[in-house]
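Notes for the one structure printed next.
Below, all heavy atoms of this structure are taken into account, side chains as well, without hydrogens, waters or symmetry copies. Labels below follow one simple rule: chain letters A, B, ... track the order of the sequence lines, proteins then strands, and each chain is numbered from 1.
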Protein chains: 2
Amino acid sequence: MATISDVAARAGVSRSTVSRVFLQPQVVAEDARRRVLAAADTLGYEPSPVARSLRRGRTGNLGLVVPDIANPFFPPLIKAVQRQARRHQMALFVADSDEHADDELALVRAMAKQVDGLILASPRVAEADLRALIEGTPTVVINRRLEGIPAVVTTPEQGMTQAVEHLAALGHGEIVYLAGPEQAYSNQQRRQALENACRLHGLRLSELGPFEPHFESGVRAGDLVLAQGGSAVVAYNDQIALGLLARLSERGTRVAQDVSVIGVDDTWLARMASPALTTVRVPAGAAGAAAVRLMVDVLSGGPVAGAAVELATELIVRSSTAAPPRPAATA
Amino acid sequence: MATISDVAARAGVSRSTVSRVFLQPQVVAEDARRRVLAAADTLGYEPSPVARSLRRGRTGNLGLVVPDIANPFFPPLIKAVQRQARRHQMALFVADSDEHADDELALVRAMAKQVDGLILASPRVAEADLRALIEGTPTVVINRRLEGIPAVVTTPEQGMTQAVEHLAALGHGEIVYLAGPEQAYSNQQRRQALENACRLHGLRLSELGPFEPHFESGVRAGDLVLAQGGSAVVAYNDQIALGLLARLSERGTRVAQDVSVIGVDDTWLARMASPALTTVRVPAGAAGAAAVRLMVDVLSGGPVAGAAVELATELIVRSSTAAPPRPAATA
DNA sequence: CTGTTAGCGCGTTCAC
DNA sequence: GTGAACGCGCTAACAG
């Protein structure tokens with residue numbers, strides 16, 4: 001690993017000139033520049049990002065914390081963040097908190113000092129802890145609202161309203177909501193949107209849970225749903241919905257004909273399921289890209305404090321919903 | 001962001017002493033240590049990883065490149081690497097190459113200078129490019145064999161042999177292999193293991209593909225399988241197998257009764273599918289953890305050049321395999 | 001046990 | 001257009 005001095009010596013110029021060649025090439029005389037580049041090439045020199053970071057006070061790295069890489073909602077988001085970060089010449093740290101608030105804190109703490117900015121996707125950690133922790137590190141949150149912190153949120157209102165309209169139109173009179181983690185902002189948001197839409201369309205709403213956002217939770221929920229006897233279910237996310245689908249089939253209940261199921265997220269699994277899952281599409285990739293854009297603004301000192309980008313959702317109708325076995329009386 | 005000098009001044013000691021308090025606390029006198037810690041606490045001081053890296057010549061970071069985060073095989077591997085890395089006080093960079101050799105190269109190049117070591121999971125890039133690139137950066141590869149480079153490989157032999165025995169015992173006389181990407185070492189490895197096992201048990205083997213390791217590929221493969229009329233299929237991985245399952249059902253073919261399907265990886269999707277997928281379990285988490293251990297050895301200068309950790313596989317029988325509609329005549 | 005000294009490799013004034 | 005000098009924040013000798 002050659003250093004800048006080696007290159008300078010070999011090219012017969014000072015270290016400053018070498019540095020300039022890599023930062024503002026136009027400023028350096030043609031022949032000097034060529035000599036430097038030649039020397040750098042034969043020596044295999046590349047500026048050390050570490051030394052550069054120390055000097056500049058910026059690392060050129062971005063940190064991203066997600067609650068669970070294995071949740072198919074996040075990979076597209078991660079990919080989008082990575083792509084957008086590279087576009088801005090930044091590398092990306094990804095960390096997985098395993099849905100655990102304590103781990104999340106530790107990860108954020110570990111990352112904070114080595115990145116220029118932090119993107120927190122669906123953070124589970126308590127607000128006070130989080131504020132204390134990210135003070136001094138530019139932060140953008142995804143799918144959570146924190147006064148004064150730039151955020152990208154997806155709004156379930158449109159999708160949930162469409163879901164309720166869809167179910168009402170099919171003749172359902174009540175809906176069971178399978179709740180997600182209590183600490184998850186998304187859960188409160190989705191429940192609220194569902195409540196509003198149900199009130200508006202005169203449907204009854206009941207709730208089961210909370211459930212961890214996993215396939216297994218949905219399996220467990222299946223028996224509860226059957227016991228309660230609902231005809232339409234909206235799950236916190238696709239994974240729970242898919243677990244539910246599997247369990248219902250296992251118990252001999254026909255999805256759609258007997259019980260309609262709607263998920264949220266529209267991960268690629270929704271299309272894959274059988275029957276294909278009707279679900280509320282949440283634009284994960286767009287959210288990730290928007291978060292990076294917001295971060296870039298923050299880092300360039302733009303007046304973005306408290307800004308919140310909102311991304312709409314929409315219902316994707318597939319085959320897991322149908323008219324109930326015996327239509328409810330109109331309310 | 002307070003610096004070490006601030007803390008030193010406030011605690012009335014030299015910078016070296018402050019440094020020692022954070023590196024070898026036992027060496028510092030009780031009261032000095034307490035004063036330093038108090039000062040650091042009130043000033044909110046934490047050693048700068050960047051400056052530390054520059055001075056030490058090590059970053060304390062590990063890089064991990066995977067071909068596709070969205071492939072459910074990788075999240076458990078990533079989680080295991082992250083966990084193991086943290087255990088060794090190292091942070092983790094994760095990058096996704098989107099199954100694309102060029103991106104892989106660019107990512108490795110970008111990471112190489114900011115990490116102490118690189119873990120390459122199922123690298124797609126050509127051997128020559130790869131060797132040139134990682135020269136100078138300690139590297140461990142997962143699921144690929146490169147002479148002289150430490151590696152962790154999963155061996156499909158056991159699982160594939162069990163799969164063939166299983167199918168033969170059920171009465172199948174031939175097997176169709178749905179191939180994965182040609183550049184993938186795993187594909188060659190799996191095909192070879194399958195060939196050997198088939199020869200041993202006197203089954204005929206044919207091949208379709210190559211297919212990208214995605215659900216959609218499996219859907220496409222479905223029609224090809226039906227056209228060819230095979231009674232047993234082994235897919236390169238679970239995702240392809242699941243796409244196949246979906247397509248077969250769609251076409252009215254009953255999985256297991258009409259066509260037996262076996263996947264490879266045993267991702268969580270395999271259990272989720274309906275019918276649940278018989279598959280060859282590949283220990284992804286164990287592979288990730290082993291890779292970090294190997295890396296730690298390499299970094300501490302151990303004599304591990306060319307070492308290769310081998311991890312066995314095993315067949316997990318579920319419900320996607322059964323006797324063929326009309327048993328083949330014994331060969 | 002502690003302070004002093006000397007860089008790690010680079011980017012940035014500020015003169016020339 | 002170019003070089004000299006300085007320091008980013010920290011740790012690793014070396015004395016004491």
- Item | Pair R293(B) + D297(B): basic N to acidic O under 4.0 Å | no
- Counting only side-chain N and O atoms of S14(B), is one of them less than 4.0 Å from OP1 or OP2 of dG3(C)? yes
- Query: Are OP1 or OP2 of dG3(D) and a side-chain N or O of T17(A) less than 4.0 angstrom apart?
  - Reply: yes
- Task: Ignoring backbone atoms, test whether R52(A) places a side-chain nitrogen or oxygen under 4.0 Å from the OP1 or OP2 oxygen of dG11(C).
- Result: yes
- Task: Figure out the CZ/P separation between R56(A) and dC8(D), and round it to whole Å.
- Result: 17 Å
- Between CD of Q24(A) and C1' of dT2(D) the distance, given in whole Å, is 13 Å
- Query: How is T3(B) classified with respect to the nucleic acid when contacts are heavy atoms under 4.0 Å: base, sugar-phosphate, or nothing?
  - Reply: sugar-phosphate
- Query: Given atom CG of L54(B) and atom P of dC8(D), what is their separation to the nearest angstrom?
  - Reply: 13 Å
- Separation of E46(B) atom CD from dC10(D) atom P, in whole Å? 11 Å
- Task: Would you kindly give the CZ-to-P distance between R15(A) and dG7(D), to the nearest whole Å?
- Result: 14 Å
- Hey, which sits more toward the 5' end of DNA chain C by its nearest nucleotide, V28(B) or R55(B)? V28(B)
- Message: Can you tell whether the side chains of R124(B) and E99(B) come within less than 4.0 Å, N to carboxylate O?
- Response: yes
- Task: Starting from C1' on dC10(C), measure out to NZ on K113(B) and report it in whole angstrom.
- Result: 12 Å
- Item | Rounded distance in Å - CD1 (I4(B)) to C1' (dG9(D)) | 7 Å
- Item | Nucleotide nearest Y45(B) (side chain, heavy atoms from C-beta), chosen from dA12(D), dC10(D), dG3(D) | dC10(D)
- Message: Heavy atoms from C-beta onward define the side chain here; which of dC8(C), dT12(C), dC10(C) lies closest to that of S16(A)?
- Response: dT12(C)
- Query: Is there a side-chain polar atom (N or O) of S19(B) under 4.0 Å from OP1 or OP2 of dT11(D)?
  - Reply: yes
- Query: When all nucleic acid strands are considered with a 4.0 Å heavy-atom cut-off, which category describes V50(A): base, sugar-phosphate, or nothing?
  - Reply: nothing
- Query: Which residue lies toward the 5' end of DNA chain D, P47(B) or R20(B), if each is placed at its nearest nucleotide?
  - Reply: P47(B)
- Item | Sub-4.5 Å side-chain heavy-atom contact between D98(B) and R83(A) | yes
- Query: Within the side chain of Q189(B), is there an N or O that forms a donor-acceptor pair under 3.5 Å with the backbone of A184(B)?
  - Reply: no
- Query: Are any of the side-chain nitrogens in E135(B) or R131(B) under 4.0 Å away from the carboxylate oxygens of its partner?
  - Reply: no
- Message: Measuring from the side chain of A29(B) (C-beta onward, heavy atoms only), which nucleotide among dC10(C), dG11(C), dT2(C) has the closest atom?
- Response: dT2(C)
- Task: Find the distance R58(A):CZ to dC10(C):C1' and express it as a whole number of Å.
- Result: 14 Å
